[in-house]
Amino acid sequence: MRNAVDRHTERPDGSWYLLQCKPRQDSRALEHLRRQGFDCFAPTFRAQSLRAGRLREVEQSLFPGYLFIRMGEVDNWLPLRSTRGVNRVVAFCGQPCRVQERIVEQLKARCAAAEQPPLLSPGDQVQVRVGAYADLDAIFLSMDGEERVILLLNILNREQQVQVSLANVQPVLRKQAAASLF
């Protein structure tokens with residue numbers, strides 16, 4: 001089996017290398033490297049998050065703090081050291097290590113095809129955090145607009161559909177849900 005890091009073969013158009021970025025400066029490093037004409041790749045995926053009571057799609061880094069760059073042996077590596085957001089080139093024994101082309105191509109294909117499942121799906125267990133139904137467990141049925149949800153609550157041994165604000169609902173982790181059944 002071949003290693004993902006290859007030190008011996010170089011493509012005519014350059015090989016991929018891994019850069020470590022300064023903390024929380026991945027996008028800054030990517031922007032400045034592209035301005036300098038470098039071919040870079042930062043694998044990302046789309047995820048849903050609940051912020052300020054609204055469900056939002058955010059793009060997150062698959063490898064926070066790292067990005068890939070295509071460089072040739074004859075390319076000038078010195079600008080990398082002074083590029084904003086770049087910390088260092090990942091190296092072993094003082095030599096930058098090449099990442100196989102097929103690894104980067106597979107990551108590109110997966111990032112293009114990846115779709116994060118929604119934060120709340122029908123049937124998910126949730127807990128109401130505030131309001132008249134505070135601390136009650138419920139089952140998520142559907143969204144009712146952008147900021148409201150329809151829940152199924154068990155009140156006095158009867159199942160009732162109620163509408164509450166999305167900001168007042170918290171998904172129950174699957175492990176917590178399984179533990180509460182026992």
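Note that this is a predicted model, so its numbers are computed, not measured.
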Steps toward side chain to side chain contact (heavy atoms under 4.5 Å, CB included) verdict (Ile69, Asp39) = CA-CA 6 Å; Ile69 185 167; Asp39 183 12; over 6 Å; no
Find out whether Tyr133 and Ile155 are in side-chain contact, i.e. whether some heavy atom of one side chain is under 4.5 Å from a heavy atom of the other.
-> yes
State, with a plain yes or no, whether a side-chain heavy atom of Leu30 is found less than 4.5 Å away from one of Phe41.
-> no
Answer whether the closest heavy-atom distance between the side chains of Val89 and Leu18 falls below 4.5 Å.
-> no
Is Arg70 paired with Glu101 through a side-chain N to carboxylate O contact shorter than 4.0 Å?
-> yes
Just wondering, do Leu166 and Met143 contact through their side chains at under 4.5 Å, heavy atoms?
-> yes
Reported OG1-to-NZ distance for the pair Thr83 and Lys22, which is rounded to 0.5 angstrom = 9.5 Å
Kindly give the heavy-atom pair with the smallest separation between Val128 and Val130, and that separation in Å.
-> CG1-O, 3.4 Å
Report the C-alpha separation of Met71 and Leu80 in whole Å, then their side-chain angles, then the decisive distance to 0.1 Å, and conclude whether the side chain to side chain contact (heavy atoms under 4.5 Å, CB included) test is met.
-> CA-CA 11 Å; Met71 298 285 294; Leu80 297 179; 4.2 Å; yes
Rounded distance (nearest 0.5 Å) linking atom CZ of Arg81 with atom CZ of Arg88 = 13.0 Å
Describe, in one word, how the ring planes of Trp77 and Tyr17 are oriented to each other, choosing from parallel (under 30°), tilted (30 to 60°) and perpendicular (over 60°).
-> perpendicular
Could you verify whether a donor N or O on one side chain and an acceptor N or O on the other, from Thr44 and Gln60, lie under 3.5 Å apart?
-> no
How many angstroms lie between atom CG of Asp137 and atom CD of Gln170, to the nearest 0.5 angstrom?
-> 10.5 Å
In terms of heavy-atom contacts, does CZ of Arg84 have more than 12 from other residues, nucleotides or ligands at under 6.0 Å?
-> no
Hey, does Val104 have a side-chain heavy atom less than 4.5 Å from the side chain of Val99?
-> yes
Rounding to 0.5 Å, atoms CG (Leu19) and CH2 (Trp16) come to a distance of 10.5 Å
What's the shortest heavy-atom distance between Ser61 and Phe45, and which atoms?
-> O-CE2, 3.8 Å
For the residue pair Val149 and Val164, establish whether any side-chain heavy-atom pair is separated by less than 4.5 Å.
-> yes
Specify the closest pair of heavy atoms between Arg28 and Gly85, including all atoms of both residues, with the distance to one decimal.
-> CD-N, 4.2 Å
Shared-cluster residues of Ile139, by chain and number - hydrophobic side chains joined below 4.5 Å | Leu141, Ile150, Leu152
Heavy atoms, side chains only, cut-off 4.5 Å: are Leu67 and Cys21 in contact?
-> yes
OG/Ser165 to CZ/Arg129 distance, rounded to the nearest 0.5 angstrom?
-> 9.0 Å
Working to the nearest 0.5 Å, report the span between CD of Glu59 and OG of Ser27.
-> 11.0 Å
Taking everything shown except Glu159 itself, do over 12 heavy atoms lie less than 6.0 Å from its CD?
-> no
Between the main-chain N or O of Gln163 and the side-chain N or O of Arg148, is there a donor-acceptor pair closer than 3.5 Å?
-> yes
Positive for side-chain contact (heavy atoms from CB on, under 4.5 Å) with Phe140, one of Val172, Leu120, Val169 = Leu120
For residues Tyr66 and Val90, determine if any side-chain heavy atom of one lies less than 4.5 Å from a side-chain heavy atom of the other.
-> yes
Taking all atoms of both residues into account, what is the closest heavy-atom pair of Arg98 and Ser15, and its distance?
-> CD-OG, 3.3 Å
